[in-house]
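Worksheet: one structure, shown below.
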Amino acid sequence: MDESTLSLVLFSGTDDKLNAASVLTAGAAAMGRKVNVFLQYWALDAFRAERIHKDHGVAPEAGPEGLAAVQRHGGQHWSEIFRQAKDVGEVAIHACSLSMEMFGLEADDLDPLVDDQEGVVSFFMDVDGPVTFI
Amino acid sequence: MDESTLSLVLFSGTDDKLNAASVLTAGAAAMGRKVNVFLQYWALDAFRAERIHKDHGVAPEAGPEGLAAVQRHGGQHWSEIFRQAKDVGEVAIHACSLSMEMFGLEADDLDPLVDDQEGVVSFFMDVDGPVTFI
Amino acid sequence: MDESTLSLVLFSGTDDKLNAASVLTAGAAAMGRKVNVFLQYWALDAFRAERIHKDHGVAPEAGPEGLAAVQRHGGQHWSEIFRQAKDVGEVAIHACSLSMEMFGLEADDLDPLVDDQEGVVSFFMDVDGPVTFI
């Protein structure tokens with residue numbers, strides 16, 4: 001079993017990918033692994049305080065049948081799964097400062113799940129193990 | 001050279017990404033690495049026995065010229081490349097139990113390439129090295 | 001801090017993902033890590049000499065507001081960020097020979113940023129650490 005930090009670069013902002021990312025985060029945290037999340041682009045946009053619970057769509061490949069399955073399934077919102085992962089384990093969520101600048105965002109615009117913002121070099125200082133891009 | 005297990009979380013279900021995933025799996029298996037595949041969402045949907053050989057489309061960015069190149073190229077189907085990778089190396093393919101539930105799938109609905117289903121914590125118990133999300 | 005090679009499989013060819021990939025490459029190179037890039041499918045297509053500076057679009061999830069933010073932001077082109085990363089660190093960019101064949105490309109068709117072409121087994125011979133798929 002691997003005990004290194006799981007570094008997740010979250011780029012995509014659709015609900016299906018964010019749900020997959022939250023489940024991987026929760027699974028790794030439950031196994032005692034540190035998880036280091038870096039929010040870029042559309043994932044950062046989805047973590048805006050005013051939008052986090054809105055509908056962020058799913059991947060275009062879903063099709064009507066897939067979308068219906070996702071909606072029927074319900075289950076916990078990905079933001080809630082990230083919250084629980086932070087409660088049970090060592091999970092840090094950082095906003096990419098370049099993406100903050102691109103979207104003209106301030107720290108107050110983000111959901112409190114986001115701990116801080118940092119540049120990509122700071123992100124790599126904490127990398128110790130897999131770097132997974134979602 | 002790295003000898004750790006390559007853990008692939010397959011999320012996307014389009015033929016271009018599944019082909020890329022199968023080629024990486026075959027390459028890693030040929031180098032003697034264990035490969036541990038976890039099927040979520042649209043990738044799991046693409047491994048249904050009755051759909052695995054159907055057309056699953058390509059990424060929207062392909063455009064007509066890119067799609068034509070993929071179709072003209074032909075080559076082996078990604079399911080066949082996974083099959084050969086399982087023949088030559090140590091490749092396990094697991095269905096994510098949460099995604100099984102979401103799509104209302106039973107083990108019998110899946111292609112025999114899929115070995116079993118498991119939860120995300122079991123998946124992480126076998127993680128030893130990179131965690132690659134496709 | 002991890003000192004292993006960062007292996008990036010670039011599959012996607014939209015400007016937002018290529019920009020994210022170039023920033024991760026530059027960040028890793030700045031930390032003294034080797035970066036090993038493998039271009040497949042739409043990412044390879046985007047590195048054609050005659051297309052590298054053209055508009056490659058963004059992910060469909062961007063929406064009009066997101067697209068406007070990206071365009072307004074400007075900043076350096078991802079090809080320039082890759083170029084600088086190659087100047088400051090040890091960054092190799094390989095074209096996947098299967099994708100070259102699929103698109104009917106020759107070495108001369110590619111931007112000089114691309115060092116050579118290789119198969120997936122050769123790619124895995126240099127893998128030592130994370131394998132990140134973008």
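Just so it is clear: chains get the letters A, B, ... in the order the sequence lines come, proteins before strands, and each one is counted from 1.
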Completion exercise
Most heavy-atom pairs under 4.5 Å with chain C, out of Leu98(A), Thr14(A), Asp45(A), belong to Thr14(A)
Handout entry: Atom pair CE (Met102(A)) and CG (Asp16(C)), whose distance is rounded to the nearest 0.5 Å
Key = 8.0 Å
Practice task
Could you tell me which of Ala20(C), Ala26(C), Ser4(C), Pro60(C) has the largest number of non-hydrogen atom pairs under 4.5 Å with chain A?
Solution key: Ala20(C)
Problem - Residue among Asp128(A), Asp126(A), Val131(A), Val121(A) with most heavy-atom pairs under 4.5 Å to chain C - result: Val131(A)
Problem - Minimum-distance pair of heavy atoms, taken over all atoms of Phe133(A) and Phe133(C) - result: CB-O, 3.6 Å
Handout entry: Gln76(C) atom CD: more than 12 heavy-atom contacts under 6.0 Å
Key = yes
Practice task
Counting only heavy atoms closer than 4.5 Å, note whether Val58(A) contacts chain C via side chain, backbone, both or neither.
Solution key: neither
Practice task
Identify the two heavy atoms, one from Trp42(A) and one from Leu67(C), that lie closest to each other, and give their separation to 0.1 Å.
Solution key: CH2-N, 4.3 Å
Handout entry: Glu65(C) portion near chain A, given a 4.5 angstrom heavy-atom threshold
Key = side chain
Problem - Ala30(C), part contacting chain A, at a heavy-atom distance under 4.5 Å - result: side chain
Exercise for the section: For Glu80(C), look at atom CD and say whether over 12 heavy atoms of other residues, nucleotides or ligands are found less than 6.0 Å away. Expected result: yes
Exercise for the section: Measure Pro130(A) against the heavy atoms of chain C and call it side chain, backbone, both or neither at under 4.5 Å. Expected result: backbone
Handout entry: Segment of Ser12(A) engaging chain C (4.5 angstrom heavy-atom cut-off)
Key = both
Completion exercise
Bottom line for Leu8(C): the part with an atom under 4.5 Å from chain A's heavy atoms is neither
Practice task
Against chain C, label Phe124(A) side chain, backbone, both or neither, depending on which of its atoms sit under 4.5 Å from a heavy atom there.
Solution key: both
Practice task
Side-chain contact test, heavy atoms from C-beta onward, threshold under 4.5 Å: evaluate it for Ile134(C) versus Phe11(A) and give yes or no.
Solution key: no
Problem - Close side-chain approach of Val127(A) and Met31(C), heavy atoms under 4.5 Å - result: no
